[in-house]
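First listed ligand is number 1; within each ligand, the first listed atom is number 1.
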Amino acid sequence: MDLNTFNLYLFGGTGDLSNRKLIPAMFRQETLGNIDKESEIIGLGSREISKEEYTQMVKNSLEKYFPSFKDNEEAWTRFGQRLNYIKLDISSSEDWKNINNIPKDRPVVYYLATPPNLYKQISTSLKENNLIEDNCRVVVEKPIGSNLETAQDINNSLSAGFDESQIYRIDHYLGKEAVQNLLALRFANTIFEKSWSNSAIDHIQITVAEDLGVEDRGGYYDETGALRDMVQNHLLQILCLIAMEPPVSIQSESVRDEKLKVLKSLAPFTEETIGINSVRAQYLDGISKGEAACAYIDEEGVNAENNTETFVALKLEINNWRWTGVPFYLRTGKRMHSKSSEIVVRYKAVPHNIFSKEASLKADQLVLRIHPDEGIDLKLNTKKPGVSGYDLEELPLDLNLHDYHELGHQDCYERLLLDVIRGNPSLFVRRDEIEASWKWIDNIINLWESEDVPMEEYISGGWGPSNADLLLKRDFRSWKNGSSKK
Ligand code: BG6
């Protein structure tokens with residue numbers, strides 16, 4: 001790999017995201033020798049601390065969040081030397097003068113690891129202080145708004161300083177190896193494409209289940225809910241990669257163009273369909289990972305009156321030639337049975353069974369596992385060995401990526417940060433994608449309220465409310481529950 005030369009400015013450089021994700025991601029790249037000695041990482045924060053104190057803080061957090069930190073002394077010596085700290089109270093025009101000497105000979109990355117309500121001020125001040133040149137990029141995290149209007153506000157704030165080509169909106173799911181593998185599976189192999197449509201596929205399921213509850217984020221989550229927190233971004237992005245047409249190139253804008261077309265083809269829910277094709281629910285107490293777990297309304301920071309959903313299941317349709325007639329079932333929830341994310345592609349049954357009626361002939365099933373055991377599992381009908389005719393059984397062609405690669409420590413932020421440095425935006429979400437997805441989500445939220453769609457309940461540690469099962473049962477289908485390999 002070419003050595004990467006850059007200056008990375010971390011706004012919120014002493015905060016949680018920097019400590020837990022961004023610094024460890026850059027440090028791992030340091031241990032791999034992928035960072036040029038000229039590169040600098042500059043933390044910015046409102047605290048009055050020295051460069052040495054900041055370096056010590058970074059060291060403390062690496063000791064906590066980077067598992068083999070102690071074994072990487074040499075890398076730490078190099079890393080420590082590239083760290084710097086600038087005190088910045090963003091409302092102080094004096095403090096902005098502390099940022100100077102922005103290099104022109106390398107990519108300059110401004111990572112806004114701050115609450116979104118600061119984006120506008122940061123973006124405008126960077127502009128006013130002449131800190132934005134063509135070699136500069138800005139990176140932002142979700143939440144990008146809580147509806148279309150607020151997302152537009154945030155996008156406008158960023159545009160106040162930066163051109164759209166300089167704005168990198170992170171969806172960390174796009175940094176996951178298994179998610180990127182969806183593109184490789186579809187567009188680096190010929191065998192799937194011809195059958196990747198309503199001619200051969202019966203339906204597709206996308207599940208992103210988490211076993212954890214809201215942990216210490218009760219306050220944020222209670223204002224957000226599962227639809228905004230997970231569906232608007234991660235699940236819709238996965239759906240786009242599964243459903244999109246082949247892009248012209250992986251490096252260009254064309255991946256984003258194709259994703260946008262999917263978002264624009266999503267059939268909107270209506271007053272008639274919202275109550276039938278969507279389920280929202282909240283977790284009750286129960287047993288999670290062998291231990292008693294409290295109900296959502298008893299979590300810290302949660303206001304029971306907000307009636308926030310921690311689980312969503314949707315049956316949706318994509319109105320285009322490829323997918324008309326193929327339902328996509330999406331579900332996500334907190335405090336479910338286990339942490340398991342996967343895509344299940346169920347094929348249609350063969351048109352005519354030439355075997356005996358007793359032969360258990362199942363429709364083929366392709367499972368794309370994102371977590372755990374990243375991999376691909378194709379279930380096929382085979383003949384059981386024996387002399388008594390055709391007794392069929394379903395057996396797997398199972399590819400576990402861990403059998404071939406050491407995926408253990410790599411974090412999605414590593415790939416994404418390097419893509420920003422290299423100026424490759426294809427795994428980032430463009431303004432029009434964000435706004436198209438909010439438009440579709442806003443409609444669901446409005447209909448949930450206007451049609452009074454009930455808030456169901458589910459027991460912690462289970463697979464969600466019974467109405468989510470009914471969503472498929474009504475169509476004579478069922479969810480594939482559980483950890484991937486079974
Ligand atoms: C975040 C959500 O975007 O994704 C969290 O805000 C969620 O609520 C997390 O827990 C899940 O990410 P992962 O990578 O652990 O599946």
| Do T310 and Y458 have side-chain atoms, one donor and one acceptor, less than 3.5 Å apart? |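 Distance-only check passes for T310 and Y458.
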| task | Decide whether Y221 and E215 meet the rule of one side-chain donor and one side-chain acceptor closer than 3.5 Å. | result |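 No donor-acceptor contact under 3.5 Å links the two side chains.
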| In terms of side-chain geometry, is the basic nitrogen of R169 or E433 positioned less than 4.0 Å from the acidic oxygen of its partner? |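 Salt bridge flag = no for E433 with R169.
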| request: Can you run down the side-chain hydrogen bond (donor to acceptor under 3.5 Å, both in side chains) pairs that involve residues 437-446, sequence neighbours left out, and say none if there aren't any? | output: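 Those involving residues 437-446 are Q232-S437.
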| If you count only heavy atoms, which residues are under 4.0 Å from ligand 1? |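 K142, H172, Y173, K176, E210, R217, D229, M230, H234, K334, K339.
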| task | Could you tell me how the ring of Y85 sits relative to the ring of Y54: parallel (under 30°), tilted (30 to 60°) or perpendicular (over 60°)? | result |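 Because their plane-to-plane angle lies in the 30° to 60° range, the rings of Y85 and Y54 count as tilted.
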| query | Between D257 and R430, does a side-chain contact (heavy atoms from CB on, under 4.5 Å) hold up when you go through it step by step? | reply | CA-CA 9 Å; D257 291 343; R430 212 167 52 192; 2.8 Å; yes
